Visitor: 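Encoded as structure tokens, here's the structure I'll be asking about.
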Number of protein chains: 2
Amino acid sequence: MTPRPKPPVSRRERPAKAALSREGIVAAAVAVLRAEGLEKVTMRRLAQELDTGPASLYVYVANTAELHAAVLDELLGEVDLDTGGDGGGDGDGDWRDQLEGVLSSYKLILFAHPALARMAVSARPRGEHYLRLVERLIALQVEGGVPPERAAWGVDVLLLVATAVAAEKSTQWQSGDAESEWDALTRAVRELPASTHPYLHALGASVLGGSGTQRSSWGLRVVINGITNTPVPGDED
Amino acid sequence: MTPRPKPPVSRRERPAKAALSREGIVAAAVAVLRAEGLEKVTMRRLAQELDTGPASLYVYVANTAELHAAVLDELLGEVDLDTGGDGGGDGDGDWRDQLEGVLSSYKLILFAHPALARMAVSARPRGEHYLRLVERLIALQVEGGVPPERAAWGVDVLLLVATAVAAEKSTQWQSGDAESEWDALTRAVRELPASTHPYLHALGASVLGGSGTQRSSWGLRVVINGITNTPVPGDED
DNA sequence: ACCTGAACACCGTTCAAGT
DNA sequence: ACCTGAACACCGTTCAAGT
């Protein structure tokens, strides 16, 4: 709680006054992200971190949004593409489990960075690590028997759900008053008159985003099952 | 393109110097939202609109996030809960169509307000209009034969997808250079080597969020079909 | 080319002081 | 109680000027 001023991040990575470069800027951004969160990854703060003025960064980076996107792609390099399923070397675990595994690895990264997940929902990344992930997700589906075009549509929904779940859950734990907020919601929903809101009255606040992990993995399975059961306009399964 | 200063929104609704109130603040916020977008719905701007200082608003509203949430719930009052299906009076159109109809009405509102959709992904609303929508979505599922508890979990995923699709699509059209951005992405994906990215190479950029309406309604059907095919931990269908 | 100081046009939120 | 002026501590981005 003591708000004493923090020292600049990672003095070691910046020995003297290194020349500016896109890579350097992104690296500094990742460092600040890890240490203090995306809110602090601002042009002004980064400039300070790199011993220059904010204007200088605009030579290498178009704007803040582009910078944040680059940061996300950097982190996406850590997604484990070969997890899930039987985990053995011959790689024929159930493709659904593997799909879930990869997406869980993706979610884990976003869980650690709420604000990044939020960003990813609206501004779809397109960096190399992201494309690698997309390729893998399509491959797993096709190996599982999903027609390629449907798999291509499917990857959109899969990533959408995984990203949105991360964006949602993460902000839930973030605000300190999570406990009392939840109590308040529970009470409010339970007090809804059964006459106008029979289901909410009966089911209670558990409706609105309950127990985390279980629900979110159910959500992924819903999408996977949905994909295998829903032909796109061109195919008939 | 001429950036001449805009006059205050809706001079008529604010005849003299009305007393402050939560309702008044939210109403002013909605007016500014409609006229200039959520980015302009700031404490300072609203204070100016209401002829006072920003500090005064904090008597009625905890912070900017809470204000934005209230604005969203206000708009959600316009969701059409009885659309889709056969549209006739006896109301027994297919429940899936009705579900799609209601969610489309929800999406339409979010499409008009990109920034609001973005917000809704991470900070789930809990206002009265939102709860009405949730109740309706559960009811439609249960009428269609989905076990109540599963329907409760399902409504989460349905709203997640609808909201995220709106958040995503809307920001896509927003940036003026949408056309050239899209071309650039297409080229980049097509140029990926077939050796490392066989599927992306073959399928092209259409993978990453193609033709809008068709895809997003497919996404909703995927979730609906997924729900009917995926039992939750407690039930066996 | 690349880099920068300084400025423009904003933010959210708090707090002591007033009514 | 309710309201406010003024301040604190920030933002992104541009642009003319320098090297």
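All of these numbers come straight from a predicted model, not from anything done at the bench. Proteins come first, then strands; the chains are lettered A, B, ... in the order of their sequence lines, and each starts at number 1.
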Visitor: Could you state the CG-P distance from A:Asp51 to C:dG5, rounded to the nearest angstrom?
Guide: 11 Å

Visitor: Could you pull out all residues at least two apart from A:Glu23 that satisfy side-chain hydrogen bond (donor to acceptor under 3.5 Å, both in side chains)?
Guide: none

Visitor: Please give, in whole Å, the distance from D:dC2 P to B:Ile25 CD1?
Guide: 12 Å

Visitor: Round to the nearest Å and state the distance from B:Gln48 atom CD to D:dT4 atom C1'.
Guide: 16 Å

Visitor: With a 4.5 Å heavy-atom cut-off, do B:Asp82 and B:Asp80 have their side chains touching?
Guide: yes

Visitor: Using the 3.5 Å cut-off, write out each protein N or O paired with an N or O of nucleotides 9-13 of chain C and the distance between them.
Guide:
from, atom 1, to, atom 2, distance (Å)
C:dC11, OP1, B:Thr42, OG1, 3.4
C:dC11, N4, B:Arg44, NH1, 3.4
C:dG12, OP1, B:Met43, N, 3.3
C:dG12, OP2, B:Met43, N, 3.3
C:dG12, OP2, B:Arg44, N, 3.4
C:dG12, N7, B:Arg44, NH1, 2.6
C:dG12, O6, B:Arg44, NH1, 2.6
C:dT13, OP2, B:Tyr58, OH, 2.8
C:dT13, OP2, B:Thr64, N, 3.2
C:dT13, OP2, B:Thr64, OG1, 3.2
C:dT13, O5', B:Tyr58, OH, 3.3

Visitor: Hey, are A:Glu49 and A:Lys40 close enough for a salt bridge, meaning a charged N less than 4.0 Å from a carboxylate O?
Guide: no

Visitor: Mind checking side-chain contact (heavy atoms from CB on, under 4.5 Å) for A:Glu135 and listing every partner two or more places apart, or none if nothing turns up?
Guide: B:His197, B:Pro198, B:Tyr199, B:Leu200

Visitor: Report the distance from atom OH of A:Tyr60 to atom P of C:dC2, rounded to the nearest whole Å.
Guide: 6 Å

Visitor: With sequence neighbours excluded, tell me which residues meet side-chain hydrogen bond (donor to acceptor under 3.5 Å, both in side chains) with B:Arg34.
Guide: B:Glu78

Visitor: Quick one: the dot-bracket string of DNA chain D, using Watson-Crick and G-U wobble pairs with both distances under 3.5 Å, [ ] for crossing pairs and | for bases paired to another strand.
Guide: ||.|||||...|||||.||

Visitor: Considering only the P atoms, how many Å lie between D:dA9 and C:dC10, rounded to the nearest integer?
Guide: 23 Å

Visitor: To the nearest 0.5 Å, how far apart are CG in A:Leu72 and CE in A:Met119?
Guide: 4.5 Å

Visitor: Supply the atom-to-atom distance A:Leu57 CG to A:Ile25 CD1, rounded to the nearest 0.5 angstrom.
Guide: 5.0 Å

Visitor: Please enumerate all residues that pass side-chain hydrogen bond (donor to acceptor under 3.5 Å, both in side chains) together with A:Glu128, with sequence neighbours excluded.
Guide: none

